Amino acid sequence: MKHHPLKPEGDTRDHLVVIGNGMAGCRAVEELLARDAARYRVTIFGAEPRVNYNRIMLSPVLAGEKSFDDIVINDAEWYAANGIALVAGDPVVAIDRGTKTVTTRGGETESYDRLLIATGSDPFIIPVPGKDLPGVIAFRDMDDVDTMLAAADAGGDAVVIGGGLLGLEAAHGLSLRGMKVTVIHLMPTLMERQLDEAAGWLLKQALEGRGQTILTGADTAEIVGDGKVEGVKLKDGTLIPASLVVMAVGIRPSVALARDAGLAVGRGIQVDDHMVTSDPAVLAVGECVEHDGQVYGLVAPLWDMCRSLADGLVEQPTGYRGSVTSTKLKVSGIDVFSAGDFSGGDGCEDIVLRDASRGVYKRVIVKDDRIVGAVLYGDTADGSWYFDLLKKQEDVSELRDLLIFGQSFASGGGAADPKAAVAALSDDAEICGCNGVTKGQVVSCIAKGARSLDAVRGTCKASASCGSCTGLVENLLALTLGDEVQAGPKTMCKCTSFGHDDVRREIVAQGMRSIPEVMQKLHWTTPDGCSSCRPALNYYLLCALPCDYVDDQQSRFVNERMHANIQKDGTYSVVPRMWGGLTNPTELRAIADVVEKFNAPMVKVTGGQRLDIFGIRKEDLPAVWADLNAAGMVSGHAYGKSLRTVKTCVGSEWCRFGTQDSTGLGVKIERMSWGSWMPHKFKIAVSGCPRNCAEATIKDFGIVCVDSGYELHVGGNGGMHVRVTDLLCKVATEQEAMDYCAAFIQLYREEARYLERTAPWIERVGLAHITARIVDDPAGREALRARFLYSQSFSQDDPWAQRAEGAEAEHHAPMARFTPQEELA
Amino acid sequence: MTAEWLDIGWVDQIPVRGSRTVQVEGGDDIAVFRTAEGKVFALLDRCPHKHGRLSQGIVHGGAVACPLHNWRISLSTGEALGEDKGCTPTVPVKIDGGRVLICRASTLKAAA
């Protein structure tokens with residue numbers, strides 16, 4: 001991945017060469033571009049053969065929560081758009097300050113006017129025998145993650161040497177990936193630099209509870225193995241088997257290049273407040289530097305340094321003053337936070353809260369009425385508040401009694417409202433830890449026109465990395481803009497950037513035939529979607545390809561897989577179809593027999609004029625269906641995104657007010673439309689006169705019979721937001737009523753979004769659109785009707801009959817039974 | 001003599017992106033899942049929220065969505081994902097020659 005343009009003709013700008021394509025190097029360039037995009041011609045050299053990514057997010061990649069693409073900070077287009085030459089995979093191996101040139105391993109030489117060293121740090125490898133064996137790695141870059149993933153695929157034992165932040169995140173990831181993990185830690189408690197003994201102990205308990213083995217006070221003697229790693233031997237003689245050893249004992253500033261070039265180097269490359277080294281033409285930033293005697297291994301100081309560096313480069317120096325750091329452990333389900341100094345000492349007072357049953361431990365260290373440190377375990381919600389008070393050295397004597405209970409309590413309860421809590425934060429409070437963005441920066445970015453979450457993410461990057469501060473950013477948007485916040489384009493779900501309509505259009509336009517194909521072609525960000533998009537895609541494909549598409553059962557909600565309605569106790573309710581609400585002695589007898597035979601505790605008449613049998617166990621469903629089938633009944637689809645029921649009144653055959661045969665028409669319509677899958681449930685009713693006993697005007701499609709014909713109503717529903725139907729039109733004959741009904745159903749099937757009922761769909765597209773397609777366009781109506789009937793020719797198989805006959809019947813039964821006394825049956 | 005691992009059947013008996021159950025006498029069922037990647041996990045068949053049957057949910061990635069209220073539960077840790085908080089006990093699984101084995105002690109403990 002090398003693109004190395006020659007210096008453009010006539011470009012007289014100073015050439016800034018950056019060694020290091022990591023978080024510090026790229027961030028420094030970003031800060032510079034934000035101040036004066038045209039000032040320097042920029043070339044970046046990176047050792048890794050890839051674009052700039054968020055190294056602190058490697059842990060979620062290892063744990064399987066993110067993919068590499070998710071953690072890319074700047075993609076190839078960013079380099080191109082900003083005219084930056086990137087030389088990736090060919091590291092700089094020498095700096096010649098005399099000729100102002102750098103030379104790469106591949107032998108290329110580039111001259112610079114200003115040089116920025118951002119080489120970061122190197123993992124520290126403890127000098128024990130066996131450290132060079134294959135299978136011994138660090139946890140520093142994407143290659144290490146790939147090695148770990150490959151090892152985890154093979155399974156077996158892993159040893160992580162080092163129980164600090166990095167080591168524990170590595171152990172967590174490997175453990176999630178199925179390896180048996182042992183953590184070897186030299187010190188008596190885990191993360192001793194960030195946590196006190198109590199929190200360290202709680203952490204150890206939690207990790208052991210997840211199946212990891214944690215050995216503290218354990219000193220590694222050697223790594224053993226013949227040609228590849230086979231185990232780790234401790235100084236006390238213990239031998240731990242391992243096919244993978246991760247060394248995560250610490251990092252050291254990477255200073256070799258600078259030292260060879262004769263720059264002043266202490267623990268790191270020494271820099272002044274403007275990140276300038278002992279050579280005025282050479283700057284350095286990030287984990288490789290030493291500032292005021294301090295070196296940093298966390299991300300937040302790096303943002304501060306980059307700001308000072310960029311200010312200096314455009315001659316408006318501000319000066320870096322050092323950073324106070326805080327730490328969060330990225331192990332899902334375990335919340336750990338620490339900041340400042342918790343070693344105690346003269347004049348320090350501890351305020352401690354423990355809640356053993358919740359596993360909460362909070363300790364705030366106060367000195368001279370100011371917070372100097374905080375350690376939180378189990379409940380870290382107030383971490384950023386304590387950290388803010390600490391950084392600003394605020395006097396907390398007024399808050400002291402309530403301090404440990406957190407911000408909402410200490411500020412008098414008002415801040416229990418998250419918006420008030422965000423409003424109470426100061427402008428320099430950090431909102432986004434991944435990208436070092438303060439509240440003030442987010443607000444100013446909103447003020448400059450970022451009116452949606454996406455726009456904020458695109459400009460100041462707050463919440464663009466791990467997303468854990470998305471809620472804070474949304475609150476800031478709401479606070480700053482009130483009702484003017486723009487919702488982004490509504491996507492189907494978090495797996496895709498496309499909306500429902502886009503996906504449907506592309507399925508048809510590109511002739512896609514399966515869910516994996518849709519996900520591949522439309523760049524789904526998850527391997528196999530989620531419980532929102534999978535059922536939607538399954539429906540869209542089914543609707544587009546009624547003849548060919550193979551329904552994906554695993555993409556259906558349980559009720560549609562089981563052809564019954566799951567109840568809160570895990571049993572099912574079963575509703576046989578009764579055409580138009582009619583029944584007869586045979587059906588009633590069969591239902592009564594089923595109720596008795598399977599001990600169903602309740603039978604209920606539903607709102608749609610059916611009988612609902614409750615409390616059927618999953619394993620009994622096939623037998624229940626077989627019995628009902630034998631009496632001529634089929635599935636009532638009371639569970640599906642499909643035609644539910646056609647409700648009728650008795651009509652002209654019996655009722656003294658009846659104008660037409662509403663019952664007979666209802667039966668015909670149900671026979672025509674049963675079994676069709678829809679975006680959502682679909683209910684029909686036919687009333688025999690305007691008294692409307694079948695409640696047709698709160699149905700998706702309602703027919704009200706009058707002397708002169710049939711009024712057709714659409715888009716009604718009961719439920720939470722009752723909507724009365726719109727009158728679509730009036731037709732003269734029963735056949736027309738059925739034709740219009742079929743056309744309307746097909747229009748709804750083809751155009752509504754999954755899980756959108758007819759009521760919101762009509763509100764969205766407008767009744768005029770429906771009228772234009774169904775009433776004013778006879779040819780279009782006929783085509784819709786034909787497509788519906790074609791689709792129905794494939795869908796009117798009784799799912800109960802198929803399953804009662806044995807299709808997937810075994811899936812209803814347990815795979816095995818385990819009786820503890822007798823072992824496996 | 002009781003074995004440490006319970007042999008519950010062939011991997012192929014579990015539908016991909018689906019689930020089967022193991023009935024434990026005197027306790028809750030264990031749900032055994034098979035992901036798209038072919039990995040097998042076992043959890044107590046009970047959502048930490050309202051005790052929905054996780055075995056009836058939609059399996060996606062390394063998680064299952066509870067059929068009752070769509071809580072997403074991690075198959076590897078049993079933890080609720082996203083905003084929801086709660087945890088379902090997990091049961092260690094190993095695959096041996098195509099057979100699915102689940103940890104006896106954890107099964108008893110989880111189902112108790």
Side-chain angles (χ1 to χ4, degrees), chain A residues 63-65 153 155 172 175-178 180 209-211 331-334 471 493-495 515-516 526-535 552-559 561-562 566-572 618-619 808 810-825, chain B residues 2-3 6-10 13-27 29-30 32 35-37 39 45-46 50-53 55-68 70 72 74 76-81 83 85 87 90 92 94 100 102 104 107-108 111:
Chain A
E65 292 157 5
D153 274 347
H172 172 66
S175 174
L176 281 187
R177 296 276 181 179
K180 186 171 179 305
R210 291 177 172 210
V331 171
S332 54
I334 299 183
C493 64
K494 285 179 178 163
C495 303
I515 292 178
T526 47
D528 56 355
C530 70
S531 54
S532 297
C533 59
R534 285 234 314 267
D552 179 20
Q553 286 295 302
Q554 303 306 340
S555 292
R556 284 193 178 270
F557 182 65
V558 56
N559 289 352
R561 242 179 304 136
M562 289 294 142
I566 194 166
Q567 303 298 323
K568 70 178 200 178
D569 65 352
T571 65
Y572 290 81
K618 180 176 133 193
E619 50 267 44
E808 296 157 43
E810 73 158 22
H811 290 178
H812 288 262
M815 186 175 177
R817 290 188 173 80
F818 172 42
T819 311
Q821 294 79 26
E822 305 165 16
E823 293 304 325
L824 271 180
Chain B
T2 53
L6 301 170
D7 183 332
I8 58 169
W10 296 103
Q13 288 177 266
I14 314 169
V16 172
R17 284 188 278 104
S19 158
R20 297 288 301 276
T21 57
V22 175
Q23 244 177 26
V24 181
E25 190 176 285
D29 287 0
I30 303 295
V32 187
T35 66
E37 290 179 319
K39 296 203 172 145
D45 192 12
R46 205 168 86 146
K50 300 275 185 188
H51 304 173
R53 299 283 177 94
S55 58
Q56 307 300 298
I58 291 182
V59 178
H60 54 95
V64 60
C66 177
L68 291 193
N70 209 29
R72 288 180 309 121
S74 160
S76 54
T77 65
E79 298 274 353
L81 301 173
E83 294 300 300
K85 295 275 176 264
C87 189
T90 56
K94 66 179 185 185
V100 183
I102 62 173
R104 182 181 186 276
T107 299
L108 282 173

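All of these numbers come straight from a predicted model, not from anything done at the bench. Throughout, protein chains are lettered first and strands after them, A, B, ... in sequence-line order, and every chain is numbered starting at 1.
Interface residue B:T107: only side-chain heavy atoms are found under 4.5 Å from chain A. Both the backbone and the side chain of B:V24 come within contact range of chain A, each with at least one heavy atom under 4.5 Å from a heavy atom of that chain. Of the atoms belonging to B:N70, it is side-chain heavy atoms, and not backbone ones, that fall under 4.5 Å from chain A. Of the two parts of B:V64, neither the backbone nor the side chain holds a non-hydrogen atom closer than 4.5 Å to a non-hydrogen atom of chain A. Using a 4.5 Å cut-off between heavy atoms, A:D552 touches chain B through its side chain atoms alone. Heavy atoms of A:S555 lying under 4.5 Å from chain B belong to its backbone as well as its side chain.
Residues B:E79 and A:R210 are paired through a salt bridge, judged by an N-O separation under 4.0 Å between the basic side chain and the carboxylate. Residues B:R46 and B:D29 are not paired through a salt bridge, judged by the lack of any N-O separation under 4.0 Å between the basic side chain and the carboxylate.
Inspection of the B:D45 and B:S55 side chains reveals an N or O donor paired with an N or O acceptor under 3.5 Å. With 3.5 Å as the limit, one finds a donor-acceptor pair spanning the side chains of B:Q23 and A:R817.
Remark: A:R556 engages A:D551, A:E560 in a salt bridge (charged side-chain N to carboxylate O under 4.0 Å, His left out) (not counting sequence neighbours). With sequence neighbours excluded, no residue forms a salt bridge (charged side-chain N to carboxylate O under 4.0 Å, His left out) with B:R53.
When the candidates B:G57, B:S74, B:A65 are compared by the number of heavy-atom contacts under 4.5 Å with chain A, B:G57 comes out ahead. When B:S76, B:G9, B:G62, B:P67 are compared by the number of non-hydrogen pairs under 4.5 Å with chain A, B:P67 comes out ahead. In terms of heavy-atom pairs under 4.5 Å with chain B, the best-connected choice from A:P535, A:G570, A:G529, A:C530 is A:C530. Among B:R17, B:K39, B:H51, B:K50, the residue making the largest number of heavy-atom pairs under 4.5 Å with chain A is B:R17.
Atom OG1 of B:T21 is separated from atom CD of B:Q56 by 8.0 Å, given to the nearest 0.5 angstrom.
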